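Letters A, B, ... are given to chains in the order of the sequence lines, protein chains preceding strands, and every chain is numbered from 1. What you are looking at is a predicted structure, and each value in this text was computed from that prediction instead of being measured.
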Amino acid sequence: MILNDLELKTSPAEGEVRIPSGCAISAVIDRSGKRMTGEKIIRSIATMHDRSNGLGGGFAGYGIYPDYKEYYAFHLFYNDFYSKKQTEDFLIQHFEIVYSSEMKTRKLKKITNEPLIYRYFLYPLSKRLANSLMDEERYVVKCVNKINAEIDGAFVFSSGKNMGVFKGVGYPEDIGKFYLLDEEYSGYSWTAHGRYPTNTPGWWGGAHPFGLLDYSVVHNGEISSYDANRRYIETFGYKCSLQTDTEVITYVIDFLIRVKKLTLQEVAKVISASFWSTIEDKPEEERYEETFLRKAFPSLLITGPFSIIFGFTGGLMALNDRLKLRSMVCAEKGDLAYISSEECGIRVIEPELERVFAPAGGQPVIYTLKDGGNRQ
Amino acid sequence: MKTFIPAEYEVVRDFNLCTACRLCENQCANGVHSYDEKRGVMVADSLQCVNCHRCVCVCPTHALKIAKSADCYRPNENWSSQTMNEVYRQAETGGVLLSSMGNPGKYPVYFDKLLVNASQVTNPPIDPLREPMETRVFLGKKDVEIKRDISGRLIDTMPPQLNLKLPVMFSAMSYGSISYNAHEALARAAEICGTFYNTGEGGLHRDFYKYSKNTIVQVASGRFGVHSEYLSAAAAIEIKMGQGAKPGIGGHLPGMKISDDVSRTRMIPKGVDAISPAPHHDIYSIEDLRQLIYTIKEATDYSKPVIVKIAAVHNVAAIASGVARSGADIIAIDGFRGGTGASPTRIRDNVGIPVELALAQVDERLRQEGIRDCVSIIVGGSVRSSADVVKAVALGADACYIGTAALLALGCHLCRSCHTGKCNWGIATQREDLVKRLNPDEGCKRLVNLLSAWNLEIQEMMGGMGINSIEALRGNRLMLRGVGLNETELRILGVRHAGENV
Ligand code: SF4
Ligand code: SF4
């Protein structure tokens, strides 16, 4: 379980360099709120095996911790027991830890060099929180950032309530089995990611999804606006330490939703805005709104190829860049809705679909739990 | 002792080609060419030649060229002939040396040491001939509050913005320093191209109020031609605090350039030198600037963006930060290479810093302070090509001002003699016979051509980077790499060296 420290490090670590990746992404949601194990999503992403190269895979599941749904679920990678000790000291000072344990995993030949993986359910110490003059979410994010930036060898890779990110270095289907997602967990929605980095960082924290509280993003593409987006979002106190597209996209969405209070539809009109020429032809009301959003947030327009699935409590959003330079297909059957880089990723788990479509560039597809659905 | 300064340039005539048509004589306002009746040949007094190339361009038989004079002092790396001549001139006259156009000296041009990225394999380039490629920009404050009506619809809370079809505008050049025809060409080209020209500090001629939608009017320390109608006509108002060619001093328009029309437009007497003071005498500090900004905003009902133009000087980042906090909507930074109609030579050649470094620092500082959204940034002085525009935007500029490049399009050959008022190209002159050489229709067309060509080139370079909107290029410094720059320069520019991966 201890990271193999005999290997010499020859390539730069994640965050020291910017690593472009090609990828596969996939997601499924049961809008009735009924929970399913991770078995389906593993099969879906496994079908697109060739879109990954074994250097990163991961999943996010929503509704998986119903018994602890009031608590933040922290998933942590540790390089060693020393970083674990330091982190736990920090956690104890800032949170009430309700339950903690080593993450249950399955030994697989193909998964090697895994770090120590721990899970904590916790909530902020009320006094500390009050003294910080921050709202609860900000407080939690600050603590996560602090651990990730300052404790060498520790990395919080999941921090939401009643959801969890599971990721690592390997093919996604192996990572899924390694975490026993097919047996131990069931959730109303799942997202998955298979990574094809053009470099071999081999760091578990660098795999995707990227999570921020209950937000998670899986992304396929390489955005050309990266540094414009990064430099802008960093002026609002975010720090892009991993230098990945996924990280900056997550921060951008978080900023627009949590700070600016935009709706998901509006977020899509900022990051994947219509062309001016298209906007001019739209009906008055839309033109008014979209012109305003483009004028107000020009630096959050994301260009270059991307397809993302944004996971949040109660739903999923799929979004392509405005030229649709990456494939992405959506499908529905009854309460179930699917999103995948390729149609095969959907057909393999549900051959009989009621509706299959490829969303146009810049057109968000949003699936949320139906009213009265068993959310948590 | 009478100073004799040898000619810098020699007018070379091929007598096999010369037909003695005397066109050159007619075209040279400096009186270089004349006809020697006795010998029946054209002669030239090279001493008067400023190398404006007018005669060369108009000579129907291509009999003329201007060559660097072979006459030289004993070579000396420390004492160049120019330096020596300047000493002779000052010893003779006791005066301050005057120059025009931008600093021509041997300083690094950082734009030429920056290289642009392109997409390969991992993400696709975008073909501007087949896909939309957006170069439209809005200039103004972006730090808006999100507000909704009762039904939850967004309310447009944007402060006033300038809407540019491409990130290039014509920079401030006053009527007086340049001609009526030059102004007309600029105004009309700005209208056609969907961008803006700038009146400079010389007021707005009655005839040009019809282009006011594409006009930025300037309020400078002399307040020439400033009145309420002038302010309300404009699309935006620029307060000129400084100019790259002459930071720290005011404007100087020689009396002979002050014609009837110029005097009326500027509201100053005819024929007398118009000197604007070095500071605005109502602005001795940053809080005074705030007052002027809000005075102008009040006077125009908060309906127009206010630009504050500053020269790129050593402390430019802190100054810009102060300006951004003073209510300005846009900051224009003018680099030390920026042009001028007249400036003391010593100031033009020795004061200020390169605009690339100033821009990089201002953009970074405003971001560090979290106020980059409070202002847009325009840079000029000097932006010479579409590649410079692309690099400036990637460093963090919202748009660029071009002055010299626009004058070149109108025929200017950079003889740097604008202060003499005898521009043979009809640009930097008020002499009617010279002004009419510049046809405003043709001038306008050439300016439109220039901007259209640049726009195509900008789109081409953006497409190569896989970027289809100029917004995604702004401040995108990963798209730049430096060559031949040292660590300090790279740090100031915020770019990596070529060959270095991210
Ligand atoms: S000043 Fe101009 S027009 Fe006159 S001789 Fe020289 S180049 Fe020719
Ligand atoms: S504007 Fe006229 S005088 Fe000035 S540099 Fe150009 S050609 Fe020479």
What are the two closest non-hydrogen atoms of A:S225 and B:A472, and how far apart are they?
CB-CB, 3.5 Å

Find the distance between NZ (A:K295) and CD (B:Q161) and round it off to the nearest 0.5 Å.
6.0 Å

Select, from B:I155, B:L154, B:I146, B:L366, the one with the greatest count of heavy-atom pairs under 4.5 Å involving chain A.
B:L154

Using non-hydrogen atoms and a 4.5 Å limit, figure out which bit of A:K261 sits close to chain B: side chain, backbone, both or neither.
backbone

For residues 368-378 of chain B against chain A, heavy atoms under 4.5 Å, the residues are B:G370, B:D373

Can you check whether A:T235's main-chain N or O pairs, donor with acceptor, with B:R367's side chain at less than 3.5 Å?
no

Where does A:L262 contact chain B at under 4.5 Å (heavy atoms): side chain, backbone, both or neither?
both

Between atom CE of B:M479 and atom OH of A:Y226, what is the distance when rounded to the nearest 0.5 Å?
11.5 Å

Least distance between heavy atoms, A:L325 atom then B:P124 atom
CD1-CG, 4.1 Å

Over 12 foreign heavy atoms within 6.0 Å of CZ, A:R138:
no

To the nearest 0.5 Å, atom OG of A:S299 lies from atom CD of B:E471 at 8.0 Å

Does any heavy atom of chain A fall under 4.5 Å from the side chain of B:M465, the backbone, both, or neither of them?
backbone

Under-4.0 Å salt bridge between B:R148 and A:E266:
yes

Any idea which of B:V121, B:D363, B:V137, B:N117 has the most non-hydrogen atom pairs under 4.5 angstrom with chain A?
B:D363

Would you list the pairs meeting ring pair (Phe, Tyr, Trp, His ring centres under 6.0 Å) in which at least one residue belongs to residues 122-160 of chain B, sequence neighbours left out?
A:W276-B:F138

So the side-chain hydrogen bond (donor to acceptor under 3.5 Å, both in side chains) pairs with at least one residue in residues 125-134 of chain B (sequence neighbours excluded) are A:R294-B:E134, A:R322-B:E134, B:D127-B:R130

With no hydrogens and no angle check, is any side-chain donor or acceptor of A:D227 less than 3.5 Å from a backbone partner on B:L478?
yes

Using a cut-off of under 4.5 Å on heavy-atom pairs, state which of B:N468, B:T157, B:D143, B:V144 scores highest against chain A.
B:N468

If you take all heavy atoms of A:R231 and B:G475, which pair is closest and at what distance?
NH1-O, 2.9 Å

More than 12 heavy atoms from other groups under 6.0 Å of NZ on B:K165
no

With a 4.5 angstrom heavy-atom cut-off, is it the side chain or the backbone of A:F275 that approaches chain B, or both, or neither?
both

Enter the distance from A:S224:OG to B:N476:CG here, rounded to the nearest 0.5 Å.
7.5 Å

Residues two or more places apart in sequence or in another chain: which of them pass ring pair (Phe, Tyr, Trp, His ring centres under 6.0 Å) with A:Y232?
A:F236

A:K282 atom NZ, neighbour heavy-atom count above 12 within 6.0 Å
yes

A:T303 OG1 to B:M133 CE distance, which is reported to the nearest 0.5 Å
9.5 Å

